[in-house]
Protein chains: 2
Amino acid sequence: MSRTDTTRRGSRQSRAGIRDVAAAAGVSITTVSDALNGKGRLPDATRRHVREVAERLGYRPSAAARTLRTGKSGLIGLTVTTYGDEPFTFTEFAYFAEMARAATSAALARGYALVILPATSRHDVWSNVALDGTVVIDPSDHDPVVTELVRQGLPVVSDGRPAGTLPVTAWVDNDHEAAVLELLDHLAAAGARRIGLLTGTTTDTYTRLSTTAYLHWCERVGQDPVYESYPAHDPCAGAVAADRLLARPDRPDAVYGLFDPNGTDLLAAARRYGLRVPEDLLLVCCSESTVYAATEPPITTLSLKPRRIGTAVIQLLIDAIEGIDTGRPVEQVIPTELIIRTSSQRRPPRTTVSAPRSPAGD
Amino acid sequence: MSRTDTTRRGSRQSRAGIRDVAAAAGVSITTVSDALNGKGRLPDATRRHVREVAERLGYRPSAAARTLRTGKSGLIGLTVTTYGDEPFTFTEFAYFAEMARAATSAALARGYALVILPATSRHDVWSNVALDGTVVIDPSDHDPVVTELVRQGLPVVSDGRPAGTLPVTAWVDNDHEAAVLELLDHLAAAGARRIGLLTGTTTDTYTRLSTTAYLHWCERVGQDPVYESYPAHDPCAGAVAADRLLARPDRPDAVYGLFDPNGTDLLAAARRYGLRVPEDLLLVCCSESTVYAATEPPITTLSLKPRRIGTAVIQLLIDAIEGIDTGRPVEQVIPTELIIRTSSQRRPPRTTVSAPRSPAGD
DNA sequence: CCCGGCAGCAGGCACGTTTCTGCATGATCA
DNA sequence: TGATCATGCAGAAACGTGCCTGCTGCCGGG
C-alpha cells in the first residue's frame, strides 16, 4: 500500500502534477490520465471522482510533457514574407489581418493555435518551437524555410501558388490572371480607352501574375501598356507613383492599382490634376478595406477573399497533420470578387446611394 | 566499449536525436549537449567535431523535450478580446495589426515567438500550449483568463490599464483622458461650439475612459453632451450612428469618433447632409490608418502609438519572465499623438497641400 | 613517492505525460 | 464447478533533453 509515495523533494512546490492528483484521488497515474482524457474503461463514478480531485487541486496537464509523449503540439506556424526587418508586410495590411483572423479562428475551432514566425531562416527561433505544420504566405521561389520544413517532414501549406518546384503539401490561391482580365474587361465595358496599371517592383507571385495578365490583355486588345512601378513596402512611394502615372503625357483614362492604399493615393492624385472620378478617370484597386465604400466617390475594389483563403489553408493543413484524407483537392483556387462601386461606372446609379454588388454572392 | 548502444527499435526512423549524434560522434550525450549549448569545459576540437556531426545528421533538438526539462518554452501568448466568435476585434483593426507587428518583432529579437489565443476561457486550447507569459489586450474588469493565468504563476502584461483589482504583472496604456481633453480643447480652439461624440456601447476601458473624459469636459465648459453609441464590432452600425448624430436637432458643429472607421463614416454622413468639412463641421477620429492623410479633406486623427505600446509590453513581459529587474516602471504611459490635418482647422492652410504635423515628433 | 587539483568526459536521474501490458476480481456459461 | 470473459485498475517503459555527480588520467609540488 505505497500509494502515498511522497518521495518527492519535500514540500509542495510549483504546480500540481498528475502524480499529485493520483495520490489525492487514491488511484494510479494511469487511471487519472484515462479519466481526464476520456479513454480506457472506467466507471463513471471513478471518472467523476478523478475529475473532481483534479479540479480541486487546480491541475493543468503539462503541455510540454504531452507534446513530448504524443509528438503533437497543436501549434501551427504562420509565416509571412518580410520586406525589411519588420515581420509583416506593409502593403497588404488589411488582407493579412483578415486572412490571419480567419486562419486563427479556423485553427482554434479544431484545437490548434497559431504561432507567428518570421520568414528569415534564423534557426534559433524556429527550432525552439514544436510545430505540427506551417502556413506560408506568398513564399518566394526557392524559400529556404519551406525546404527546411518539408525536409523535417512537416506539412506546409502555402497561401499563394508556389513558383518553381517548391515542394509544398498543398496550396490555396486566387486565379489572379482571370481576376485581372475580368476587371480590365469591366473597365473597358464602362468606356475606358486606355487603362493604366499601378504595380510593384517586387517579384512575388501576386505582383508578377497580375502584371503579366495586364500585359497580355493589352496585347490582346491592342493597347499600349501604361504602368508605373514602385517598391510596394514603402507607403509614401505609392502616392508618388500614382502622381507619376497621372502626370504622363499618355495619361490613362482608367487605372487599376494592385495594392491596398492605391485607391486613396489615386483619388488624391486625380484631385490634384483636376480629374473627376468616374467622369474623367475610372478607378479600381485591389483592397479588403471597407473605407472604399464611403470615399467620395466610392471606389470599386477587387477582393481576394482572404477569409476564405485563410480558412481553406488551415483546413488543408490540419487534414494533412491528422492524416485524414478528405476528398479536398490539395490545390484550391478561391474565386475573387469584384465589388463594383461608383468609381468604375461611367453612369453612376441614380436612385440609391448603396452601390450594386457582384452577382457572385458571399 | 558499449558506445554503439543501438538497442533502439531497429531501423533509422524519424528525426535524429541527441543520442544518434552522440553515437555518430563517438562521445556521450552530455558532451553533445554541452558542445551545442556552449556549456561545460570542452576543447574547441571536440566542440567543432560534435557540431559538425550534428549538422551532417541534420539534428534539430526537440523543442518539447527542452521545454519539459528547462521549464521555458520561448512562447508568449497574445490574447485579444473578442466580440462574437471571431478571435479578433473588428473595430481597431489597424491598431491591432500594428501593435501585434511591433510586439512580434520585439519578441523575436529576444528569442521569443507569439501565439495567438482567444480571450475565451476554453481550457482545451490554453492548456495545450506551454507559455512563458501572456500579453492581454484590453482585458475586461474581472477577466477569468487573466486570473487563471496569474494563479498558475505566469506573468501577464496588459495593453490597457486593468480595471478593478485585476492582478497583472505590469501594464502599458495611453492617458486616454488627457488625450481626449487635449483633442477637445483643440477643436474648441478651432472654433467648435458644440462638440459631439461617436462612441461605443461596450464597457471596455478605452471606451469608458474616453466617454467619461468627454462628459467631464462638457461639464467643465458648460456644454450639453451630444453623443451617439453603437456596438463597435458592427461596421455597418457605425455608419448608421454617424448619420444619427448629424441628423439630431441639436446637431454638433464638430465630432470626435472613437473608432477607426468613424472618419469615413462621418465624412460620408456630412456629405449626405450637405455639410462642408471643415467649414460646417470639424472632424477628428482615433485611427492608425494612413488613408486619412489622403481623404477629401484629410482628417485629423489621434494616434495611440500602437508600435510603441507593443514594444513596451513585450519588453516588460520578457523582463518579468527572465527575472531581470530593470529599472523600468511596471506601469507605463505612452503619450498619444494628435496628427492635425485639414478637417479640424477652420482656416485650412493656403499654400501647401500637405497638412502640418504635431510638434511632438517621433 | 604520494596526493591534491584540474581538464575532459560519461552515467544516470529527472522533467510529466501517454500507453502498452498485465493482474486481479466478479459475472456468465457449458 | 471450472473455464471464459469482460471489467477495473496498476506498473512501468518510453518520449528527448539538461544537468548534477563522479570517474579517469595527467601534471606539479612537497
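Just so you know, these numbers use all the heavy atoms, side chains as well, and skip hydrogens, waters and symmetry mates. Chain A is the first sequence line, chain B the second, and so forth, proteins listed ahead of strands; every chain is numbered from 1.
Listed by chain and number, the residues in a side chain to side chain donor-acceptor pair (under 3.5 Å) with A:Arg47 amount to none (sequence neighbours excluded). In this structure, A:Asp34 has no salt bridge (Lys or Arg N to Asp or Glu O under 4.0 Å) partners at least two apart in sequence or on a different chain. Shown here are the side chain to side chain donor-acceptor pair (under 3.5 Å) partners of A:Ser28, two or more places apart in sequence or in another chain: A:Thr31. With sequence neighbours left out, B:Gln332 forms a side chain to side chain donor-acceptor pair (under 3.5 Å) with no residue at all. Residues forming a side chain to side chain donor-acceptor pair (under 3.5 Å) with A:Arg161 (at least two apart in sequence, or on another chain): none.
Of the candidate nucleotides D:dC15, C:dA10, D:dG11, D:dG11 has the atom lying nearest to any side-chain atom of A:Thr30.
Heavy-atom neighbours of B:Glu322 CD from other residues, nucleotides or ligands within 6.0 Å: above the threshold of 12.
Residues of residues 33-44 of chain A having a heavy atom closer than 4.0 Å to DNA chain D, listed by number: A:Arg41, A:Leu42, A:Pro43.
Side chain A:Ser28 to base D:dG11: no donor-acceptor pair is found below 3.5 Å. At a cut-off of 3.5 angstrom, the base of C:dC15 holds no donor-acceptor pair with the side chain of B:Thr67.
Per the geometry, CG belonging to B:Asp20 stands 11 Å off P belonging to D:dC15, to the nearest Å. In this structure, CZ of A:Arg15 is placed 12 Å from C1' of C:dC15, rounded to the nearest angstrom. A:Tyr59 has its OH atom 7 Å from the C1' atom of C:dT17, to the nearest Å. At whole-Å resolution of the value, CG in A:Leu57 and P in C:dG16 are 15 Å apart. When the P atom of C:dT17 is taken as reference, atom CZ of B:Arg69 falls 16 Å away, rounded to whole Å. The interatomic distance linking A:Arg47 (CZ) with D:dT7 (C1') rounds to 13 Å, in whole Å. Rounded to an integer number of Å, the gap from CZ of A:Arg66 to P of C:dC15 is 19 Å. Here the P atom of nucleotide C:dA10 and the CZ atom of B:Arg19 are 16 Å apart, to the nearest Å.
Nearest-nucleotide positions on DNA chain C place B:Thr31 closer to the 5' end than the other of B:Thr31 and B:Leu68.
Taking every heavy atom of both residues into account, B:Ala130 and A:Ala64 meet most closely at CB-N, 4.3 Å.
Within 4.0 Å of A:Ile29, counting heavy atoms only, lies at least one base atom of the nucleic acid.
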